[in-house]
Amino acid sequence: IRIGQGFDAHRWGEGDSVWLCGVEIVHTQTLIGHSDADAGLHALTDALLGAAGLGDIGDHFPPTDPQWKGASSDRFLLHAVDLITQRGGSIVNVDVTLICERPRIKPHREAMRARLAEILGIAIDRVSVKATTTEGMGFTGRQEGLAAQAVCAIEI
Amino acid sequence: IRIGQGFDAHRWGEGDSVWLCGVEIVHTQTLIGHSDADAGLHALTDALLGAAGLGDIGDHFPPTDPQWKGASSDRFLLHAVDLITQRGGSIVNVDVTLICERPRIKPHREAMRARLAEILGIAIDRVSVKATTTEGMGFTGRQEGLAAQAVCAIEI
Amino acid sequence: IRIGQGFDAHRWGEGDSVWLCGVEIVHTQTLIGHSDADAGLHALTDALLGAAGLGDIGDHFPPTDPQWKGASSDRFLLHAVDLITQRGGSIVNVDVTLICERPRIKPHREAMRARLAEILGIAIDRVSVKATTTEGMGFTGRQEGLAAQAVCAIEI
Ligand SMILES: [Mg+2]
Ligand SMILES: [Mg+2]
Ligand SMILES: [Mg+2]
């Protein structure tokens, strides 16, 4: 078993939907980034790369590279999964926490878990998505942006 | 083995004691929340639920539900432990970090570890409570609130 | 297997180099602290101590103790490694995330991994160093300071 951890944050901006953990949610704002700014997928991709000692998301998908502009982040996560699988590894479980005041995550949790399980190629009971707020404090509390943390256990 | 991670934050307000990791500490302020606002117990409860893929603390104990008003958070943690035990699982170890400028945690660490070990039903050497500051920066540094992080390993 | 997690932050101040994960980087500022303020090493030291249930870095190296003034933080990490080894334990893998807008970490990543592997006494493929930003938000985004998170898995 090896473990990894990831952290990511993106800024809120004008828009009418946001991608989180591979699911599009109708919302009054969107997250800004070079790709689709899915902080949940980015944190989880980093956790997998970290567990496997394979660098970070910025190495594999440089934000300065125009080919990743507007990219759907599930390809980032899938790439990390492929790297682990190619080395004979497998994913034991993952746990993602989304830190934001809005949108509400709970109504979308099962869709997010199902989508992550699909990309990761593991059973849904090995996939956790949680949400919390910072009670109005800090950049997430002031709703300047959303942060995500993830941990994972892999066998490799 | 599966692993989980939790994060929680609560705001400082008027009061003369604070609950942290199941221990009441005399302090010049208290943490504000619907329950007793024990951010250490909340982060750890979320870590356990995350490792087991069982949702988050907000699912099991909605802050909008009046029955949890002022609730002692050890019941939240105990509920997560029970859910894991009922599934034939067991807790391997837990590690909690409290992020605050004050109060000092060290004088209360052993009491916190003992209380957590008691609720979790594991040996005290499998329970860690640590503290750090953000050196005056951010919402914890400005003493607007306290944050807590936790990780856990479980067998299930 | 047991797991641990650590978090640390230090404030930027006047200087011309910064220590991160045991490597000195030429930079326009330095991190301020009682020791060399290597937040990466401090977070990792705390993760190891947490996994082993051995307190935190402040217990072993009190910032009020003059003997640690300006200390090279690799001795803190080495001490945690020694405590684990003395108990018959071993380190499975570690994953460190540095959260800052600057300096760029990628050019120094392999040197950091090599140095950590050396101190930890494990193969470099079991050592991960990642970097992320908070997109201009919060204390790391405003470049008031740098934060670091670490997780580890140990056998003990
Ligand atoms: Mg990102
Ligand atoms: Mg809470
Ligand atoms: Mg430090």
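In this text the structure is predicted, and so the values were computed from the model without any measurement.
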Can A/Ile3 and A/Val151 be said to form a side chain to side chain contact (heavy atoms under 4.5 Å, CB included), step by step? CA-CA 7 Å; A/Ile3 72 168; A/Val151 293; over 6 Å; no

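With rounding to the nearest 0.5 angstrom, the SG atom of C/Cys152 is 7.0 Å from the CG atom of C/Leu44. Expressed to the nearest 0.5 Å, how far NE2 of C/His79 lies from CZ of C/Phe61 amounts to 4.5 Å.
Of all residues in residues 85-123 of chain C, those placing a non-hydrogen atom less than 4.5 angstrom from a non-hydrogen atom of chain A are C/Val92, C/Asn93, C/Asp95, C/Thr97, C/Ile99, C/Lys106, C/Arg109, C/Arg113. Using a 4.5 Å cut-off between non-hydrogen atoms, no part of residues 6-34 of chain C approaches chain A. Among the residues in residues 134-145 of chain C, those with a non-hydrogen atom closer than 4.5 angstrom to a non-hydrogen atom of chain A are C/Thr134, C/Glu135, C/Gly136, C/Met137, C/Gly138, C/Arg142.
When side chains are defined from C-beta on, A/Leu77 counts as touching A/Leu48, because their heavy atoms get closer than 4.5 Å. No side-chain heavy atom of C/Asp36 sits less than 4.5 Å from a side-chain heavy atom of C/Asp74. The side-chain heavy atoms of A/Gln5 and C/Gln5, taken from C-beta on, include no pair separated by under 4.5 Å.
The shortest heavy-atom contact between C/Ala80 and C/Thr45 is CB-CG2, 4.1 Å. Minimum heavy-atom separation, A/Ala150 to A/Ala47: O-CB, 3.9 Å. Shortest non-hydrogen contact noted between A/Ile1 and A/Ala153 is CG2-CB, 4.4 Å.
Proximity to chain C is absent for every atom of A/Ala147, based on heavy atoms less than 4.5 angstrom apart.
Counting only distance, with no hydrogens or angles, the side chain of A/Asp46 and the backbone of A/Ile57 share a donor-acceptor pair below 3.5 Å. In terms of modelled atom types and a separation under 3.5 Å, the side chain of A/His60 and the main chain of A/Leu54 share a donor-acceptor contact.
Here A/Ser35 pairs with A/His42 under the side-chain hydrogen bond (donor to acceptor under 3.5 Å, both in side chains) rule; sequence neighbours left out.
For the pair A/Arg2 and C/Asp125, the salt-bridge criterion is met [side-chain N within less than 4.0 Å of a carboxylate O].
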